[in-house]
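One structure is given below, encoded as C-alpha cells.
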Amino acid sequence: EAQVTQNPRYLITVTGKKLTVTCSQNMNHEYMSWYRQDPGLGLRQIYYSMNVEVTDKGDVPEGYKVSRKEKRNFPLILESPSPNQTSLYFCASSLYGPGTGLAHSNQPQHFGDGTRLSIL
Amino acid sequence: GIQVEQSPPDLILQEGANSTLRCNFSDSVNNLQWFHQNPWGQLINLFYIPSGTKQNGRLSATTVATERYSLLYISSSQTTDSGVYFCAVRDTNAGKSTFGDGTTLTVKP
C-alpha cells in the first residue's frame, strides 16, 4: 500500500532533549516536506526537499533540521526542543521529476497521519 | 510568497444543505489541492485540481487558474462532512507550499 509513515505518532518530552521524528514513503517520490499545524495558524511549511541531498527552508525553519540522505526518508530533527515547538506535525511527499518544469511539478502531495508533539 | 485566502472561515449547515467554499490565491500556481481534516487530525486528499472541474460523488471542485481562485462544492451535506477544509497551493517552482487557514464546516442533524 502506498503510504507516508511518520513515527512516533505521539510524543511528550521535555525542553532541551533532542528528538527526531521520522518520515518514510514507499512511492519513490522525489519531493518531501514537513509542516506544522497550530490552532489559528493553519499548516505552515518547515522544510522541503526536491531530491536526495537537496533541502530548502520553508516558512518556519527556525529550531529544526532535516536531512535527505536517501530518497525514501526525510527525518525532522529538533536539536533542543522548546515549548513553542509543541504542535501537530505532518510529513508529505509527491512525485517531482528531474529537470524541473511545469509538467513535472504537477503532482499532488500525499500526507502522513501526523505526529503530535508536546514539549514541556 | 503566495498568499492563500479561504472563505468563509466558519460555516454551519443543516444536514442536506449545499455549500460552496472558496480559495483565492495571489499568484500563478500549477498545483492546487483540497483537503478535509477529519476529527482524528488526518488530512484526507479530496481533489488535486490545478485547473478545470472534477467531481467525486457529492463533492466537486473547480479551479480557474487565470482568475486565481478555486471552489469546492458540497451537495446534500451529511454530519460526516463536518471538519476543516483546506486549500493548498505550490508555486510554479513546485517547492514552497502554502495552505489557507481553512474553513470549519459544521453540519447539524
Side-chain angles (χ1 to χ4, degrees), chain A residues 2-6 9-10 29-51 54-61 68 87-117, chain B residues 1-10 21 23-52 54 56 61 63 65-66 70 83-104:
Chain A
Q3 58 187 2
V4 178
T5 303
Q6 298 179 224
R9 293 290 316 281
Y10 305 90
H29 286 169
E30 293 84 5
Y31 179 93
M32 296 185 76
S33 182
W34 276 103
Y35 301 85
R36 61 177 288 175
Q37 183 178 20
D38 303 291
L41 295 175
L43 282 92
R44 295 175 291 168
Q45 192 175 39
I46 304 171
Y47 270 96
Y48 61 94
S49 169
M50 298 290 223
N51 213 327
V54 180
T55 62
D56 215 338
K57 295 178 181 179
D59 293 320
V60 288
R68 189 88 183 275
S87 188
L88 175 59
Y89 291 85
F90 289 99
C91 179
S93 73
S94 75
L95 281 172
Y96 185 80
T100 67
L102 297 183
H104 292 291
S105 66
N106 282 339
Q107 303 295 339
Q109 293 187 77
H110 301 259
F111 280 77
D113 286 342
T115 295
R116 291 191 182 273
L117 281 184
Chain B
I2 298 175
Q3 307 299 313
V4 179
E5 287 186 8
Q6 290 188 242
S7 60
D10 300 282
L21 283 58
C23 171
N24 292 335
F25 42 95
S26 63
D27 206 344
S28 299
V29 300
N30 55 19
N31 190 309
L32 187 147
Q33 284 179 268
W34 282 98
F35 296 91
H36 175 217
Q37 189 165 37
N38 66 20
W40 296 272
Q42 295 171 313
L43 286 167
I44 310 300
N45 181 38
L46 297 177
F47 293 102
Y48 170 67
I49 186 164
S51 63
K54 289 186 178 180
N56 184 3
T63 297
T66 52
S70 183
V84 185
Y85 290 80
F86 290 103
C87 162
V89 304
R90 281 164 69 180
D91 62 22
T92 52
N93 292 322
K96 281 206 165 181
S97 178
T98 304
F99 277 71
D101 288 341
T103 292
T104 301

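Chain letters run A, B, ... following the sequence lines, proteins first, then strands; residues in each count from 1.
- Taking CG from B:L21 and OG1 from B:T104, the interatomic distance works out to 10.0 Å, rounded to the nearest 0.5 Å.
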Exercise. Going through the distances and angles, do A:D56 and B:K96 end up as a salt bridge (Lys or Arg N to Asp or Glu O under 4.0 Å)?
Worked result: CA-CA 9 Å; A:D56 215 338; B:K96 281 206 165 181; over 6 Å; no
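- Contacts between A:S49 and chain B at a heavy-atom distance below 4.5 Å are absent for every atom of the residue.
- Each of B:L32, B:L43, B:D101, B:T98 has some count of heavy-atom pairs under 4.5 Å with chain A, and the biggest count is that of B:L43.
- Looking at B:Q6, its side chain does come within 3.5 Å of a backbone N or O of B:G102 through a donor-acceptor pair.
- A side chain to side chain donor-acceptor pair (under 3.5 Å) with A:S93 is found for one member of A:E30, A:H29, A:Q3, A:H110 and no other, namely A:H29.
- For A:Q109, the parts lying under 4.5 angstrom from a heavy atom of chain B are both the backbone and the side chain.
- Looking at A:L43, the atoms closer than 4.5 Å to chain B (heavy atoms on both sides) sit in the backbone and in the side chain alike.
- Only the side chain of B:F35 comes within contact range of chain A, judged by heavy atoms closer than 4.5 Å.
- Looking at A:D113 and B:Q42, their side chains do bring a donor and an acceptor atom within 3.5 Å of each other.
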